[in-house]
Amino acid sequence: MTPAVARIITDLTLDREFDYRIPEALRGQVEIGRTVRVPFGRRRARGFVTGLAEESDYPDLKDIEAVVEGPALFDKTMLKLARWMADYYAAPFESAIAAILPAAVRREGARFKRQLAARIAEGAEPTGVDEAVLAKRSPKQAAAWARLKELGECTAAALGEETGVSLAGLRSLAKKGWIALEPGVVRRNPHGHVAVLPTTAPPLMEEQTTALEAVRREMDEENPGVVLLHGVTGSGKTEVYLAAIQAALDAGKGAIALVPEIALTPQTMERFRGRFGETVAVLHSHLSDGERHDEWRRIAAGEARVVVGARSALFAPVRPLGLVAVDEEHEPAYKQDEAPRYNARDVAVMRGKMEGCAVVLGSATPSLESYRNAREGKYRLAVLTRRVDRRTMPEVRVVDMRIESEKEGGARLLSKDLIEAVRLRLSQGEQTMLFLNRRGYATTVMCPACGHVETCEHCSVKMTYHKNTDLMLCHVCGEVRRTPARCGNPKCGAPNIKMSGVGTQRVEAAVRRMFPQARVQRMDSDTTGAKHSHAEILGRFRRGDIDILVGTQMIAKGLDFPNVTLVGVILADLSLQMPDFRAAERTFQLLTQVAGRAGRGDVPGEVLVQTYTPFHPAVQSSRHADYATFFDQEIEMRQVMRYPPCERLTTVLFKGRDEAAVNACAKEFAERLARDLPEDVRLKGPAPAPLEKAKGYYRVQFMLLGRTTARYVPALRRMTKAFKLPRGVSIAVNVDALSLM
Ligand SMILES: [Zn+2]
Ligand SMILES: [Zn+2]
């Protein structure tokens with residue numbers, strides 16, 4: 001029996017699906033995932049089919065008006081995944097549907113680009129005599145004909161550009177019956193037409209082979225599971241992913257490889273395309289809408305079987321799916337910061353479970369969540385303890401800045417040891433990276449007379465002084481202000497404003513002063529704007545046109561420069577001071593990742609870590625990339641505090657311009673929710689968020705902690721549906737929150 005009722009979700013509905021009648025004429029066309037046009041109130045809306053039934057509980061259903069041309073945009077499995085996301089992350093269902101479908105595919109009018117194209121007409125057999133005549137009468141047409149014989153098919157526009165032939169000229173060739181002219185689909189190709197040299201898989205090292213076997217064993221299971229690939233920096237994790245993806249392809253399946261957005265460099269893409277060629281599709285935020293649409297449809301049609309991309313590439317319509325690899329699985333970038341606030345790593349595990357496909361999570365510094373799962377036997381653990389090609393791990397030295405500043409009679413930005421080490425690299429023609437996780441020049445603009453500190457009017461943060469523009473900038477909202485010549489406190493007005501605190505600009509200035517002959521470049525979000533792109537700076541560094549690269553965490557991740565033999569961490573303490581229970585974990589990850597940039601070529605690397613807290617466990621463990629020791633200490637603290645991963649944390653944040661209204665709303669919401677919670681769930685707060693005010697909005701939040709999210713998320717979701725927010729106050733539910741700011 002053909003279903004007579006379809007359940008529809010539209011962009012307009014608030015976490016609700018609606019039933020519509022399928023008119024006789026459309027039966028058979030209405031399927032799960034198809035786009036339809038429906039009457040909605042007094043308007044019309046586009047919606048997606050999320051269910052089919054023979055009858056509905058609701059009387060007087062309206063008819064579906066039309067089925068929009070095009071394929072189904074999701075199948076039952078992806079629909080199930082979207083429902084799971086909405087439930088798990090306490091998010092509206094339509095936001096979960098929006099998450100699994102790129103806007104470029106979902107929006108009205110999304111289609112392939114068509115252009116007039118010319119191709120050799122079927123049965124066209126002009127003789128050499130005809131060609132000679134044409135060459136005399138119309139050289140441009142002859143040139144176009146010759147070019148088309150090489151290409152077989154080409155857009156009229158491109159042919160005109162190359163040979164100067166006009167459209168009339170092409171029409172004339174078509175009239176002769178030599179060529180056919182008709183609109184054809186033009187692929188908007190994000191790779192451009194740059195050819196990549198094919199590469200073959202190198203032989204794997206012993207540990208890599210063992211890791212690959214672990215992944216392949218999971219792939220062969222009836223219910224494949226998760227492999228945590230814990231490999232030190234430079235140990236060749238990517239080669240393991242590539243080999244496992246090859247295995248998936250050999251089995252007639254496809255694969256998805258997720259990498260953090262920042263690691264989606266041309267080198268990464270070349271590596272995948274070199275190995276797998278045209279079957280590689282890419283999905284990330286720098287694509288145009290057209291490119292994204294075409295790549296997605298290429299995947300859906302099975303033309304592309306390997307997808308490489310950032311967070312949302314996880315939802316690519318690869319069918320059947322044999323493997324999902326999540327590189328740098330600990331990266332907070334996998335967490336989406338709008339509803340549904342999902343973590344692509346965790347959703348990858350769920351998609352793997354639903355689709356019966358293996359998942360491999362890789363990292364040199366796994367999240368405590370994943371490592372704990374491996375320890376408890378939920379994930380299979382594979383380890384790579386050695387770097388490839390017998391390269392050694394860099395030697396890490398900790399420089400105690402307390403002793404340094406005592407010796408030097410005051411705080412110094414660059415210690416003597418670091419200066420010596422840089423000098424040595426310069427004399428040897430080797431490269432140095434200096435890392436500081438804070439941009440700008442000075443982070444405090446203060447009056448020494450009265451202590452007045454320049455803060456942002458819209459945010460509860462200090463203004464950062466940027467020397468190149470001589471302006472003060474708010475790093476939260478982007479507000480720019482002129483730097484005052486006198487104290488901004490009307491009762492004071494003293495001159496001699498003091499700039500203190502360090503940012504990358506100050507490091508750059510100090511390095512230039514110290515080494516005037518060196519070629520120094522800074523890389524942070526201030527420099528990677530319009531003028532120098534991220535890729536351009538990295539290209540120059542790779543070619544050896546830069547001796548010293550100063551940067552923020554932008555330079556810490558996944559980059560591989562063989563000639564870098566020294567990495568200096570200017571101040572390791574910055575991330576330790578974050579008001580967050582994950583501060584030590586983040587610091588350990590950051591230090592290990594930064595240190596991992598050194599010594600990736602033939603010369604061993606050295607790392608100098610400057611710090612005022614040299615004996616902090618995060619600093620000490622990162623010296624030997626000793627993850628296990630760090631994990632054991634840190635997990636004990638988390639157990640005592642009952643923090644993640646031992647308990648599951650959710651933040652609920654209220655925002656609004658009216659401070660009193662936000663406070664009152666958060667309080668009422670929390671009180672009502674508390675009545676509905678089991679006793680073992682802790683509700684902490686509400687209290688002002690560490691970032692109390694941002695962009696003019698006051699921020700108040702509370703936390704929920706419980707053994708599982710299932711202990712409290714259902715109650716929370718009921719509350720978010722039932723609670724009427726006052727005007728001007730919004731709510732953000734963040735299940736498994738990674739940041740408490
Ligand atoms: Zn003052
Ligand atoms: Zn601001």
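Since the structure is predicted, the reported quantities are computational estimates derived from the model, not experimental observations. Counting starts at 1 for both ligands and their atoms, following the listed order.
- The aromatic ring centroids of Y342 and F315 lie less than 6.0 Å from each other.
- Remark: side-chain polar atoms of R311 are paired, donor with acceptor, to backbone N or O of K335 under 3.5 angstrom.
- Protein-derived N/O/S atoms nearer than 2.8 Å to the Zn ion (ligand 2) total 4, waters excluded.
- A donor-acceptor pair under 3.5 Å is formed between the side chain of R506 and the backbone N or O of G501.
- With no hydrogens or angles considered, no side-chain donor-acceptor pair links D676 and Y712 at under 3.5 Å.
- The Zn ion (ligand 1) does not have H452 among its coordinating residues (no N/O/S atom, backbone or side chain, under 2.8 Å).
- A donor-acceptor pair under 3.5 Å links the side-chain atoms of Q701 to the main chain of L740, judged by distance alone.
- There is no side-chain donor-acceptor pair under 3.5 Å between R439 and Q505.
- Legend: residues meeting ring pair (Phe, Tyr, Trp, His ring centres under 6.0 Å) with H458, ordered by chain and number and at least two apart, are absent.
- To the nearest 10 degrees, the angle centred on the Zn ion (ligand 1) between SG in C450 and SG in C447 reads 110°.
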